[in-house]
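Single-structure report; data block below.
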2 protein chains.
Amino acid sequence: MARQREHQASPLHAYRALKQRILSMSLTPGSSLGEQRLAAELNVSRTPIREALVRLASEGLVELIPNRGAFVAPIRTEAVIAAQFVREALEVSIALQAAERIDAHGELRLRQAIEEQRLADQEGRAGLFYRADEQMHRVIAEIAGLPLVWEHVLEAKVHLDRVRTLSLQDARSFSVLIGQHESIVAAICARDGGQIQQSLRNHLRQVLPNLAGLKEEFPDYFLDDDQHPD
Amino acid sequence: MARQREHQASPLHAYRALKQRILSMSLTPGSSLGEQRLAAELNVSRTPIREALVRLASEGLVELIPNRGAFVAPIRTEAVIAAQFVREALEVSIALQAAERIDAHGELRLRQAIEEQRLADQEGRAGLFYRADEQMHRVIAEIAGLPLVWEHVLEAKVHLDRVRTLSLQDARSFSVLIGQHESIVAAICARDGGQIQQSLRNHLRQVLPNLAGLKEEFPDYFLDDDQHPD
DNA sequence: CTGTTCCAGATTGCATACAAAAATACAATA
DNA sequence: TATTGTATTTTTGTATGCAATCTGGAACAG
């Protein structure tokens, strides 16, 4: 029985493992998350599992139905739209403020971030590119002096990650995305508010896939209030 | 022993009770939230208490320190600034979209909301006014077709509520706020984007009290990374 | 007097036990 | 055969027990 050396590690481990599987659609919407089974799977008792499920439920990734159990939450079109709205509004505001506060050091960091992306692209390492991409957006928030606002973006982004996973567009070449990143950085360095807004919005909408199409292709994963209007 | 008839009611009850006390500063930052004590107080065991504490911790209202206990989280200036930023960015974007979609029915609802505020003001019922105020902002989100985005605003607002409670400016006459609400509604009905942005930002900054002053008056409640730079 | 060590008390972290509720299977009846 | 009532089984909701960890202070050495 592998004893956990560090305390409070079990709930965190369960939380991360489940979240990863949900966002990568390895656990599909509607899947049952029986506490017993998960506990056996991760070699812990039900208590830390329950703690992880509560956290995931508060983020909207899991539905906790009283006396019935926990299930992977369906993808709600409304939640995806809202998350996209939140992300656009926050990131545009962040970038505008970043433009007002950026200095030479900040410009350097942004160029380095893009360089990392180029490297990851050349080596064809999707995971690495993905991290570098997110890192760049985070750096913009830091330059704006608002690192905590990025946490709010991350909370919303959770509802976008699953549809992106479904669309599998990550497989496409990253050069397009890098180009978009370059024009965003250029706009920030040029302190051109209008250009910032246009290039960033364009970029963020690019990564939001065709929702209606996905909904037709994977109807089981979606749930909207106007479900069966026969 | 008052048995709970409805299942899963205990954690929710504990969550709401604690949240209310924390936001109203009835439980001040740094207060110890011993599981044992809370369990005895609410006549339940530690398990549902723990569930509530985990939820509150994920919202940033409680700090869960391993093997030491749970404490009411200090007010972090950085978090307040970030929350204000999020609220402004989201509410302005929401209001701009509301202006594009509003119809006669929507205008009526907004006028009704203001009427309710006027009533609450005349009767001097602060709690009622507070609810009507929040209701109006929520209605704007509904008109924009983005009710879920309002939930994100609420998450951020949590970090503003405690400083507002401290400043006690709710005691001041509400007529000023009602006037601001009127100009916001007027701007939305007039579809005047610039005016929307100006009146809403002005309003939202009005309700953010003097942070530096509060920090001096209640130093024990605040904690920032640059704490004692002697 | 100061700094260190160690012990007692208290509190959490996790496991497990038990009860309530829901789902399921099945038999009896119309 | 369809349906309904009931018994069984499974699963959650909550309570509780025990070990690990941390705090605070007393005893002690320098």
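It should be emphasised that the depicted structure is a prediction, and the values quoted were computed from it without experimental measurement. Lettering follows sequence order; numbering is per chain, from 1. These values consider heavy atoms only, across backbone and side chains, with no hydrogens, waters or symmetry-generated copies.
Considering only side-chain atoms of B/Arg68, the nucleotide from D/dT23, C/dC14, D/dT21 that sits closest is D/dT23. Closest to the side chain of A/Thr47, out of C/dT12, C/dA15, C/dC18, is C/dA15. Nearest nucleotide to the side chain of B/Pro48, out of D/dT14, C/dC14, C/dA21: D/dT14.
Take A/Glu116 and apply the salt bridge (charged side-chain N to carboxylate O under 4.0 Å, His left out) test, not counting sequence neighbours, and it matches no residue. Every residue two or more places apart in sequence or in another chain that forms a salt bridge (charged side-chain N to carboxylate O under 4.0 Å, His left out) with A/Glu41 is listed here: A/Arg21, A/Arg37. Annotation: side chain to side chain contact (heavy atoms under 4.5 Å, CB included) contacts of B/Ser24 (sequence neighbours excluded): B/Gln20, B/Ser26.
Remark on DNA chain C: of its neighbouring residues A/Pro11 and A/Arg46, the 5'-side contact belongs to A/Pro11, judged by nearest-heavy-atom nucleotide.
The interatomic distance linking A/Leu64 (CG) with D/dT11 (P) rounds to 16 Å, in whole Å. Between B/His13 atom NE2 and D/dT14 atom C1' the separation is 15 Å, expressed in whole Å. Atom CG of B/Leu42 is separated from atom P of D/dT14 by 13 Å (rounded to the nearest Å). We find that CD1 of A/Ile49 is positioned 15 Å from P of D/dT11, with the value rounded to whole Å. Rounded to an integer number of Å, the gap from CZ of A/Arg37 to P of D/dT12 is 10 Å. Distance, B/Ile65 CD1 to D/dA20 P: 23 Å, rounded to whole Å. Rounding to whole angstrom units, CG of residue B/Asn67 and C1' of D/dT21 are separated by 4 Å. A/Asn43 has its CG atom 13 Å from the C1' atom of C/dA15, to the nearest Å.
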Side-chain atoms of residues 81-91 of chain B: list all donor-acceptor pairs with protein atoms under 3.5 Å, sequence neighbours left out, distances to 0.1 Å.
| residue | atom | partner | partner atom | Å |
| --- | --- | --- | --- | --- |
| B/Gln84 | NE2 | B/Glu88 | OE2 | 3.2 |
| B/Gln84 | NE2 | B/Leu204 | O | 3.2 |
| B/Arg87 | NE | B/Glu91 | OE2 | 2.8 |
| B/Arg87 | NH2 | B/Glu91 | OE2 | 3.2 |
| B/Glu88 | OE1 | B/Arg201 | NE | 2.8 |
| B/Glu88 | OE1 | B/Arg205 | NH2 | 2.9 |
| B/Glu88 | OE2 | B/Arg205 | NE | 2.9 |
| B/Glu91 | OE1 | B/His137 | ND1 | 2.7 |

Indicate every side-chain donor-acceptor pair of residues 144-159 of chain B with a distance under 3.5 Å to a residue at least two apart or in another chain.
| residue | atom | partner | partner atom | Å |
| --- | --- | --- | --- | --- |
| B/Lys157 | NZ | B/Tyr130 | OH | 3.1 |
| B/Lys157 | NZ | B/Glu134 | OE1 | 3.4 |
| B/Lys157 | NZ | B/Asp161 | OD1 | 3.1 |

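Salt bridge annotation for B/Glu63-B/Arg76: present, with a cationic side-chain nitrogen under 4.0 angstrom from a carboxylate oxygen.
For the OP1/OP2 pair of C/dT16 and a distance below 4.0 Å, the side-chain nitrogens and oxygens of A/Ser45 include no atom meeting the criterion.
In this structure, CD1 in B/Ile114 is found 13.5 Å from CZ in B/Arg109, a value given to the nearest 0.5 Å.
For DNA chain D, the neighbouring residues in residues 29-36 of chain A, judged by any heavy atom under 4.0 Å, are A/Gly34, A/Glu35.
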